Amino acid sequence: DGGITQSPKYLFRKEGQNVTLSCEQNLNHDAMYWYRQDPGQGLRLIYYSQIVNDFQKGDIAEGYSVSREKKESFPLTVTSAQKNPTAFYLCASSPRGTTVYEQYFGPGTRLTVT
Amino acid sequence: AQTVTQSQPEMSVQEAETVTLSCTYDTSESDYYLFWYKQPPSRQMILVIRQEAYKQQNATENRFSVNFQKAAKSFSLKISDSQLGDAAMYFCAYRRHTGTASKLTFGTGTRLQVTL
């Protein structure tokens, strides 16, 4: 089955540690995205990538880093510089183009930093 | 910058009844796309319906339909014959027409409860 996988579903880390969230897709989509969701707020874009080896900052990129070495994978690293890392993180992908392609979302990872 | 506003944090509807969720947005562009996403307790985001701004006809998908008022920058979602499975968070989202990988701008969501 085609889709987006995010692992793990729940992740716990100590403050000061970097942590990497996994996102893999087998939909052959060129574009991939990372969103953050906090209670009472909508999703906010962290980073996005249109093609391999290219990515752009979203609205809240500070304290995060990404890589796009393979079309299928777009891992997100939450660094110790991120002041409030506890949140729900959603990965999405879409075909590249100007047609109104929807974004397909993964199941998300709940990160808790204490 | 584009903004999306959902002024109803929570809504409740009885099973089999109809409910309308509101969404307004602000943009200076004339061509764009609008979406409604559903997020059930599993937290998986599911596309409910989409609307291209250049189309005057309101989109419909089975029990879901929209009322798109471009001049008023309003994009409401109507759910007919509500079912228990419709209970979820609903997010309105905006996307620019230009750009090959354009971000979605989301509203803060409306939590819909469906009662017996």
Side-chain angles (χ1 to χ4, degrees), chain A residues 3-6 9-10 23 25 27 29-52 54-61 66 68 71 74 87-111, chain B residues 1-10 21 23-25 29 31-55 59 61 64 66 68 75 88-111:
Chain A
I4 302 175
T5 57
Q6 292 185 245
K9 190 173 180 64
Y10 299 96
C23 177
Q25 55 98 0
L27 300 167
H29 287 169
D30 288 297
M32 296 187 73
Y33 312 79
W34 274 105
Y35 293 90
R36 169 180 172 140
Q37 186 177 21
D38 294 285
Q41 298 193 41
L43 281 66
R44 293 181 291 168
L45 184 68
I46 304 172
Y47 269 98
Y48 67 101
S49 168
Q50 299 185 57
I51 55 174
V52 174
D54 180 70
F55 48 82
Q56 288 80 41
K57 293 181 178 180
D59 298 322
I60 55 167
V66 293
R68 188 84 187 278
K71 187 176 184 178
F74 191 41
F88 187 65
Y89 292 87
L90 284 156
C91 178
S93 71
S94 69
R96 187 166 173 246
T98 55
T99 306
V100 58
Y101 291 117
E102 67 176 278
Q103 290 185 14
Y104 295 78
F105 285 83
T109 292
R110 172 69 182 176
L111 173 65
Chain B
Q2 294 81 22
T3 59
V4 177
T5 302
Q6 293 180 249
S7 59
Q8 305 156 316
E10 292 190 10
L21 308 184
C23 173
T24 59
Y25 57 93
E29 299 175 345
D31 204 6
Y32 47 86
Y33 306 114
L34 296 165
F35 304 85
W36 278 98
Y37 277 88
K38 171 184 178 182
Q39 188 179 42
S42 67
R43 306 198 77 171
Q44 175 77 51
M45 295 288 284
I46 302 165
L47 179 68
V48 175
I49 199 165
R50 79 188 83 189
Q51 175 81 42
E52 290 98 321
Y54 65 86
K55 290 186 177 180
E61 287 287 344
F64 299 87
V66 299
F68 174 49
F75 183 60
M89 283 290 289
Y90 286 83
F91 292 96
C92 179
Y94 168 101
R95 184 202 152 180
R96 296 175 62 193
H97 174 71
T98 55
T100 55
S102 187
K103 71 172 187 175
L104 291 172
T105 300
F106 286 87
T108 53
T110 296
R111 183 175 300 281

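Worth saying up front: this structure is predicted, and the values here are computed from it rather than measured. In what follows, chains carry the letters A, B, and so on, assigned in the order in which the sequence lines appear, proteins first and then strands, with residues in each chain numbered from 1.
Interatomic distance, Arg44(A) CZ to Lys103(B) NZ, rounded to the nearest 0.5 Å: 11.0 Å.
Only the side chain of Asp59(A) comes within contact range of chain B, with heavy atoms under 4.5 Å apart. With a threshold of 4.5 angstrom between heavy atoms, Thr105(B) does not approach chain A through any atom at all. Contacts between Ile51(A) and chain B at a heavy-atom distance below 4.5 Å are absent for every atom of the residue. When heavy atoms are compared at a cutoff of 4.5 Å, Leu43(A) approaches chain B by way of both its backbone and its side chain. In this structure, no portion of Tyr104(A) lies under 4.5 Å from any heavy atom of chain B.
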Pair Tyr35(A)-Leu104(B), side chain to side chain contact (heavy atoms under 4.5 Å, CB included): steps then yes or no: CA-CA 10 Å; Tyr35(A) 293 90; Leu104(B) 291 172; 3.6 Å; yes

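Annotation: maximal heavy-atom pairing with chain A below 4.5 Å, among Met45(B), Arg111(B), Met89(B), Arg43(B), occurs at Arg43(B). Comparing Gly58(A), Gly108(A), Ala92(A), Gly106(A) by heavy-atom pairs within less than 4.5 Å of chain B, the highest count is held by Gly106(A).
The shortest side-chain heavy-atom distance between Gln39(B) and Gln37(A) falls under the 4.5 Å cut-off.
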